[in-house]
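First up is the structure itself, then whatever we jot down about it.
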Amino acid sequence: MNNANYRFQLPKNEPVKPYTKGSEERRLLNEELERQKNIQVEIPIIIGGKEIKTGDTGNVVMPHDHGHVLGTYHKAGAKEVQMAVQAAMEAKEKWANLPYEERAAVMLKVGELIATKYRYVMNAATMLGQSKTPHQAEIEAACETIDFLRFNCTYASQIYSDQPLQLQDHYNRVEYRPLEGFVFVVSPFNFTAIAANLNASPVLMGNTTVWKPATTSILSSYYLMKIFQEAGVPDGVINFVPGTGRVIGGVCLTHPDLGGIHFTGSNGTFNHMWRTIGENLETYKSYPKLVGETGGKDFVVAHHSAPAREVATGLVRGAFEYQGQKCSAASRAYIPQGMWNDVKEHMGEMLGRMKMGDICDYSTFMGAVIDESSFDNITKHIDIAKESADAEILFGGGYDKSKGYFIEPTVIVAKDPKFVTMEEELFGPVITIYIYEDDKYEEVLDLCDKTSIYALTGAIFAKDRYALQMAYNKLRYAAGNFYFNDKPTGAVVGQQPFGGSRGSGTNDKAGSYMNLIRWTNPRTIKEVFVSPTDFVYPYLDQE
């Protein structure tokens, strides 16, 4: 009998490998890239541990070379989705009753397999299927995924050990039950780590999932699913169901056993889910828990006390790493007139050295955007800026989808602070800058706060401490992750729990106990040692 009260200690963040020339990690990654480029993977649906092939397939291609097919995936129909829900519900009781440290052991094994045996498999799949550079793949497909899996075990210990006050005559305790039902997981294309955590968080807390992966990141998601299985996640605990959102969501969102949704994606899709649940409240056994991280129109505000080159570096890295396809990417900026010429010069110099192309070339900084739909939406907005009297394309503006979905890093200067590219999320390598008078800093903070429906990330550059404090107060609700003198991207598990509010989601902070506790349904238990034998209280004695 294992009667230890085990508590996991806080781990260290997984070290980031640099992939320098001549290094062993570069050699191993190159070998895996070549292997994956020269095979075509057939990706099945996986339900209850069984592989299902429907024959209704789609292609997996490289965004930077969309003629290169990496594999095919089978799409689920309504029948397969119903099977996945049934498998999740059948696996639930046994998994929920397993001691949490045993569930944690499985999650820790997933993390260790990714850190060692499958590190280059996951990085290569993310690079090829999602057009990430080696560095961008390493920091998230490997390191962030590993960190989620390890840190979550510590946070689970913290939650389970939080117990109520004890008195001599009775015993109080809280049981952190999993949700009553399955969790519907919908993962995005842009972070392999998010796909891992969207499943791992509820599963660690005793839940089971039906997982709809983004079809544009399905290669890395498939390898991730196979690692979950190899690590010992029991059949039916995670069910891998590729296909269209309309079909999969149509079944899951109206199912009586829906216990919760763990979602990362667009604001519009999450709003649709929320409305659908509201229209079906009488259907469910319990109110489903909705945890969502959605869009962003993330800002950088520079004060005139900030060094111009630091501001320029924050803008270039924040806006153009991974082609601006991070929900935290810098998308709008407010720069004081007095430093603008220096910022512009530094940005131009950096962009002149930036290389766009094949992500297997280690000198490449930017790959391609994810697919044709994204390409068309981003370039439509670039063309609007080109034709408008209220905006100017300062750098970039070119694009070509003949071989890959390539868009140049583009800097727009807007005369109107409410210009369309200052307000709408583009999810691509485009940043729009508004130039303001140096003495209008306070007014610009108010403008920044009111410009967007989103409130995910934001950054303030200033050496003046009073200027930082003013931004801290005025932009209190403008960003869930707020940065002083740094780009608004790059949150690290255990250091900067991630999430925003307003139109950016429910702000349940992935990478912290705040997210994990959402996957619990607590029950308070009071046990009285000596029970009363009469209804009379002392105040009833009138003598």
Side-chain angles (χ1 to χ4, degrees), residues 296-320 329-351 381-382 384-397 409-426 430-479 482-488 502:
K297 190 66 180 174
D298 310 297
F299 60 82
V300 173
V301 179
H303 182 259
H304 62 77
S305 65
R309 188 165 184 89
E310 292 179 12
V311 173
T313 302
L315 293 174
V316 170
R317 281 188 167 184
F320 303 127
S331 186
R332 57 187 169 116
Y334 304 83
I335 309 298
Q337 181 69 52
M339 72 160 59
W340 171 235
N341 284 337
D342 288 340
V343 170
K344 178 171 62 175
E345 182 179 341
H346 290 310
M347 288 185 75
E349 184 271 329
M350 292 179 197
L351 292 173
H381 284 83
I382 291 174
I384 290 172
K386 287 178 178 178
E387 296 166 4
S388 174
D390 290 327
E392 172 193 0
I393 303 288
L394 184 65
F395 301 112
T410 299
V411 179
I412 300 170
V413 177
K415 299 176 185 177
D416 178 2
K418 294 298 187 78
F419 186 69
V420 60
T421 60
M422 289 290 288
E423 293 188 323
E424 291 188 11
E425 183 186 37
L426 300 185
V430 179
I431 186 169
T432 305
I433 296 173
Y434 175 69
I435 313 303
Y436 72 92
E437 296 177 23
D438 289 33
D439 61 354
K440 301 293 185 182
Y441 176 69
E442 185 171 0
E443 291 91 329
V444 159
L445 293 177
D446 290 330
L447 174 67
C448 176
D449 186 46
K450 297 172 183 175
T451 291
S452 171
I453 66 168
Y454 300 106
L456 189 54
T457 73
I460 305 297
F461 281 83
K463 295 302 180 188
D464 184 329
R465 201 72 209 180
Y466 293 114
L468 290 174
Q469 186 63 25
M470 181 184 291
Y472 177 89
N473 290 328
K474 281 187 168 291
L475 299 177
R476 185 178 299 274
Y477 291 99
F482 201 39
Y483 297 81
F484 285 174
N485 298 310
D486 195 12
K487 60 184 173 64
R502 294 181 179 170

Requested in this report: To the nearest 0.5 Å, tell me how far Leu447 CG sits from Phe299 CZ.
Outcome: 11.5 Å
Query raised in the report: In terms of ring plane angle, is the pair His303 and Tyr441 parallel, tilted or perpendicular, where the classes change at 30° and 60°?
Result: perpendicular
Query raised in the report: Would Leu456 and Glu425 satisfy side-chain contact (heavy atoms from CB on, under 4.5 Å), going step by step from the backbone distance to the final call?
Result: CA-CA 12 Å; Leu456 189 54; Glu425 183 186 37; over 6 Å; no
Requested in this report: Compare every heavy atom of Ala478 with every heavy atom of Arg502, then report the nearest pair and how far apart it is.
Outcome: NH1-CA, 3.9 Å
Query - Pairwise distance OG1(Thr451) to CD(Glu423) - rounded to 0.5 angstrom - result: 6.5 Å
Query raised in the report: Excluding sequence neighbours, so at least two apart, what forms ring-ring contact (aromatic ring centres under 6.0 Å, His included) with Phe419?
Result: none
Requested in this report: Locate the shortest heavy-atom distance separating Ala302 from Met339; write the atom from each residue and the value.
Outcome: CB-SD, 4.2 Å
Query raised in the report: Does Asp438 reach the main-chain N or O of Gln337 with its side chain, forming a donor-acceptor pair under 3.5 Å?
Result: yes
Query - Least distance between heavy atoms, Ile393 atom then Ala385 atom - result: CD1-CB, 3.9 Å
Report task. With side-chain contact (heavy atoms from CB on, under 4.5 Å) as the test, would you mind laying out the steps for Tyr483 and Val300 before giving the verdict? Result -> CA-CA 9 Å; Tyr483 297 81; Val300 173; over 6 Å; no
Query raised in the report: Taking all non-hydrogen atoms of both residues, which atom of Asp464 and which atom of Tyr466 are closest, and how far apart?
Result: OD1-N, 2.8 Å
Report task. In sequence, state the C-alpha distance, the side-chain angles, and the governing distance for Val411 and Leu351, and then conclude on side-chain contact (heavy atoms from CB on, under 4.5 Å). Result -> CA-CA 10 Å; Val411 179; Leu351 292 173; 4.0 Å; yes
Query raised in the report: Sub-3.5 Å donor-acceptor pair from the side chain of Lys297 to the main-chain atoms of Thr421, do we have one?
Result: yes
Query raised in the report: How far apart are the closest heavy atoms of Ile412 and Ala391, and which atoms are they?
Result: CG2-CB, 3.9 Å
Query - For Gly318 against Pro488, the heavy-atom pair lying closest together - result: CA-CD, 4.5 Å
Query - Straight-line distance of Glu387 CD to Ile384 CD1, nearest 0.5 Å - result: 8.0 Å
Requested in this report: Could you go through the side-chain contact (heavy atoms from CB on, under 4.5 Å) check for Ile431 and Phe320 one step at a time?
Outcome: CA-CA 9 Å; Ile431 186 169; Phe320 303 127; 4.0 Å; yes
Query raised in the report: Can you tell me how far OH of Tyr472 sits from CG of Leu445, rounded to the nearest 0.5 angstrom?
Result: 14.5 Å
Query raised in the report: Given Met347, which of Asp342, Val311, Ile433 fulfils the side chain to side chain contact (heavy atoms under 4.5 Å, CB included) condition?
Result: Ile433
Report task. Find the distance between CZ (Phe482) and CZ (Arg476) and round it off to the nearest 0.5 Å. Result -> 10.0 Å
Query raised in the report: Got a second to check how far Lys418's NZ is from Tyr434's OH, nearest 0.5 Å?
Result: 11.0 Å
Query raised in the report: Who pairs with Asp446 by side chain to side chain donor-acceptor pair (under 3.5 Å), at least two apart in sequence or on another chain?
Result: Lys474
Report task. May I ask you to check whether over 12 heavy atoms, not counting those of Arg309, lie within 6.0 Å of atom CZ? Result -> yes
Query raised in the report: Do the side chain of Thr410 and the main chain of Val430 share a donor and acceptor less than 3.5 angstrom apart?
Result: no
**Report entry** Backbone of Arg332 reached by a side-chain donor or acceptor of Asp298 within 3.5 Å
**Finding:** no
